[in-house]
Number of protein chains: 2
Amino acid sequence: MTPSSREPRIRRATILDVAAAAGVSRQTVTRAMNDMTGISPATRERVQQLAGELGYTPSRFAKGLVQGARVSLGLAIPDLTNPYFPAFASSVVEVASQRGWNVVVDDFGHGSGSGLDAVTRLAPQVDALVGYLGACSSDAQALMGRRPVVVLDYPSGQAAGCISFDYSRGARIALERLREVGCRQIAYLDSDQEGRVTTRGRAVADAAAGAGIRLTVRQSVDSAAAARAAVQSMIEQHAGIDGLLVFNDLMAAGALKALHGAGRTVPGDCAVIGMDGIPLGELVTPELTTLSLDLRAVGRAAVDLVDNLLTGTVEAGSEGAVLVLQHKLVLRQSA
Amino acid sequence: MTPSSREPRIRRATILDVAAAAGVSRQTVTRAMNDMTGISPATRERVQQLAGELGYTPSRFAKGLVQGARVSLGLAIPDLTNPYFPAFASSVVEVASQRGWNVVVDDFGHGSGSGLDAVTRLAPQVDALVGYLGACSSDAQALMGRRPVVVLDYPSGQAAGCISFDYSRGARIALERLREVGCRQIAYLDSDQEGRVTTRGRAVADAAAGAGIRLTVRQSVDSAAAARAAVQSMIEQHAGIDGLLVFNDLMAAGALKALHGAGRTVPGDCAVIGMDGIPLGELVTPELTTLSLDLRAVGRAAVDLVDNLLTGTVEAGSEGAVLVLQHKLVLRQSA
DNA sequence: ATGCGTCCCGTGAACGTTCACGTCAGGGGC
DNA sequence: GCCCCTGACGTGAACGTTCACGGGACGCAT
């Protein structure tokens with residue numbers, strides 16, 4: 001938040017210093033540094049040598065100013081500690097790198113302030129923004145002006161673009177599965193996002209209603225520890241619960257801990273299904289059945305959408321700027 | 001790797017467009033946009049309004065050029081999919097944000113090429129570089145010229161700064177613990193980094209020798225699945241192994257899977273100790289005893305070191321540019 | 001009237017590159 | 001001798017801001 005008062009001075013020599021040292025002009029130095037033609041090998045060599053000695057590094061600002069920007073993409077992540085987000089970030093970074101873009105990451109997990117803080121830090125530095133911005137989405141678009149903002153998993157609202165997931169279908173499939181394995185009393189553990197019901201929460205509730213299921217719902221903070229505590233208290237109050245759908249895999253891992261701690265077997269006494277499909281799901285015991293997302297595809301979709309918005313191929317806020325991706329139910333041991 | 005041929009055009013209006021539209025000068029627009037004094041509220045309002053309508057966003061390049069750079073820090077991560085690295089990245093991002101720096105992340109896990117590729121992408125964009133660069137460290141410093149490079153967990157070599165960990169002490173403590181809980185035949189599972197023995201591997205071997213332990217060593221790729229396979233084959237060959245120290249927690253999680261699959265109880269039949277202390281360790285069954293690192297402290301140390309190198313408080317390559325951090329043995333269920 | 005101070009606002013210069021030219025020397029063909 | 005070409009290098013301009021000034025209008029006291 002508060003930048004340190006002493007600002008490190010960081011620029012060293014300029015192109016003119018190198019030119020003077022080599023007894024040539026700016027342009028010749030440029031030619032040497034960028035491996036262009038129209039310079040003799042001897043001069044090139046000498047200039048590069050001198051540049052090294054003087055510690056000359058071309059100013060990215062001057063370069064960017066004259067050459068037109070290389071795209072730099074802001075990535076706003078709620079919490080890098082939650083394994084879902086690095087998985088997502090990794091795919092965004094990969095796809096962006098392939099395009100020659102670079103990615104400026106900010107997370108607003110801990111001491112790093114709110115989502116709005118992160119966007120405020122990011123906005124002056126980037127040409128486009130991607131992130132799980134939730135309620136900050138419209139503030140983000142305001143701060144970014146005309147530059148594209150692609151929001152994930154949140155109704156598009158003000159944002160230029162939006163990538164969301166078909167939780168209705170996912171929830172239906174997951175609940176079906178729980179019924180199939182014999183669950184009679186099903187619960188859903190939602191993430192507590194400032195008291196509001198999440199998109200996922202609503203979809204699960206609707207799917208349950210549609211299937212004639214009386215659902216027990218509980219909320220907790222999005223962490224394994226909190227989920228563990230929540231499930232612990234939930235099964236104390238509702239001893240008959242034998243099927244559990246969870247907001248995401250991290251919280252599902254916490255739920256497994258709670259069930260294990262209470263002496264219940266999974267899936268014998270209680271089947272569990274998570275969402276997201278992160279690698280963690282294969283490491284817990286029992287391995288987690290989950291509504292899996294193809295995270296590579298999500299990252300690619302987000303970056304593609306940004307590209308299309310940038311080039312004008314897709315218009316901000318238009319129908320084409322909203323993508324809906326599907327889950328796949330991955331069956332493992334827990335349900 | 002290969003930038004897309006069609007480069008999105010991204011800059012919109014300039015300050016002059018806004019000035020013309022408002023019928024004022026550049027400087028007045030600057031004053032309005034940056035909330036400076038010396039402008040009437042009415043004008044400020046009008047200019048801001050117009051700026052919004054025109055989609056004007058100040059060029060970060062022009063700004064950077066004239067104001068002197070805000071520090072931007074490159075962060076090179078081998079694999080964001082390995083939960084250790086996001087934990088580390090998160091702490092770097094947090095500390096850097098507090099300083100008002102921004103962080104450009106690149107990972108070289110999958111399609112993203114080698115570490116050298118990542119550094120090549122990063123070098124022109126940043127004022128300093130931090131990362132787990134391993135063998136690329138000296139190439140990185142070469143590409144960065146005089147700008148500071150801080151390397152983690154690798155002998156400093158050419159790099160300006162270096163943060164390493166006291167594996168000798170850590171290994172001693174871990175092996176001690178395994179002896180304490182009654183292990184007679186101890187194995188170490190190392191990460192396979194291009195066939196070479198890792199710093200950790202050497203430290204563990206030395207500590208074992210010092211304690212008179214005959215160590216079985218095995219290598220595998222740094223992933224849970226690979227570690228699982230490696231341990232599986234290891235216990236087939238060496239049935240008597242009853243204590244296992246593992247390169248990191250992720251691989252340790254794979255090891256637990258393998259032992260479980262082979263019908264061995266942990267810690268009853270075989271005790272397991274991991275390294276790193278990532279949150280994952282608490283989610284697996286049994287919970288993982290581990291040589292834990294305070295990742296917040298690591299991130300802070302790295303960023304502090306960069307700052308000191310940038311300001312010249314610490315000289316590149318000097319003694320003060322090498323920090324050694326200590327592990328803490330966190331006892332949980334697995335040993 | 002003169003002087004002085006304040007509030008708004010505008011103008012030249014500078015930041016460090018690259019782009020699009022221009023120049024100059026030498027060489028070869030007729 | 002003349003022309004043109006090519007290779008090696010230099011020069012003005014431009015990119016879009018902010019900084020350090022400078023200046024006019026107005027109010028108020030002398």
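Numbers restart at 1 for each chain; the letters A, B, ... are given by sequence-line order, proteins then strands.
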Taking OP1 and OP2 of C/dC15, is either one under 4.0 Å from a side-chain nitrogen or oxygen of A/Thr14? no

Taking for each residue the nucleotide of DNA chain C with the nearest heavy atom, is it B/Ser25 or B/Leu65 whose nucleotide lies nearer the 5' end? B/Ser25

Atom of B/Gln158, atom of B/Gln141 and distance for their closest heavy-atom approach: O-CG, 3.5 Å

Quick one: on DNA chain D, does A/Thr28 or B/Ile15 contact a more 5' nucleotide (nearest heavy atom)? A/Thr28

Counting side-chain heavy atoms from C-beta on, which of C/dC9, D/dA8, D/dT18 comes nearest to A/Ser40? D/dA8

Are side-chain heavy atoms of B/Val130 and B/Phe88 found at a separation under 4.5 Å? yes

Starting at atom CZ of A/Arg26, determine the distance to atom C1' of C/dC19, rounded to an integer number of angstrom. 11 Å

Nearest-Å distance, CZ (B/Phe61) to C1' (C/dC15)? 15 Å

If you take all heavy atoms of B/Ser72 and B/Gln125, which pair is closest and at what distance? OG-O, 3.2 Å

Of B/Arg31 and A/Thr30, whose closest DNA chain C nucleotide lies nearer the 5' terminus? B/Arg31

To the nearest angstrom, how far is B/Met36 atom CE from C/dC7 atom C1'? 15 Å

Here the gap from A/Glu94 atom CD to A/Arg99 atom CZ, rounded to the nearest 0.5 Å, amounts to 12.0 Å

Whole angstrom value for the distance that separates C1' of C/dG16 from CG of A/Leu54: 16 Å

Does A/Thr37 reach a base, just sugar-phosphate, or nothing at all? Heavy atoms under 4.0 Å. nothing

Measure the distance from CZ on B/Arg44 to P on C/dC8 and round it to the nearest whole Å. 10 Å

Among D/dC19, C/dG16, C/dC19, which nucleotide sits nearest the side chain of A/Gln27? C/dC19

Closest to the side chain of B/Asn34, out of D/dT17, D/dT18, C/dC9, is D/dT18

Do B/Glu45 and B/Gln49 have side-chain N/O donor and acceptor atoms under 3.5 Å apart? no

Starting at atom CD of A/Gln67, determine the distance to atom P of C/dC15, rounded to an integer number of angstrom. 20 Å

Atom NZ of B/Lys63 to atom P of C/dG16: distance rounded to whole Å? 18 Å

Surrounding CD of B/Glu53 (heavy atoms of other residues, nucleotides or ligands, distance under 6.0 Å), is the total greater than 12? yes

Please list, for nucleotides 4-6 of chain D, all pairs of protein and nucleotide N/O atoms separated by less than 3.5 Å.
none

Can you find a donor-acceptor N/O pair under 3.5 angstrom joining the side chain of A/Arg60 to the base of C/dG16? no

To the nearest Å, how far apart are A/Met33 CE and C/dT18 P? 9 Å

Could you check whether any side-chain heavy atom of B/Phe108 comes within less than 4.5 Å of a side-chain heavy atom of B/Pro78, counting everything from C-beta outward? yes

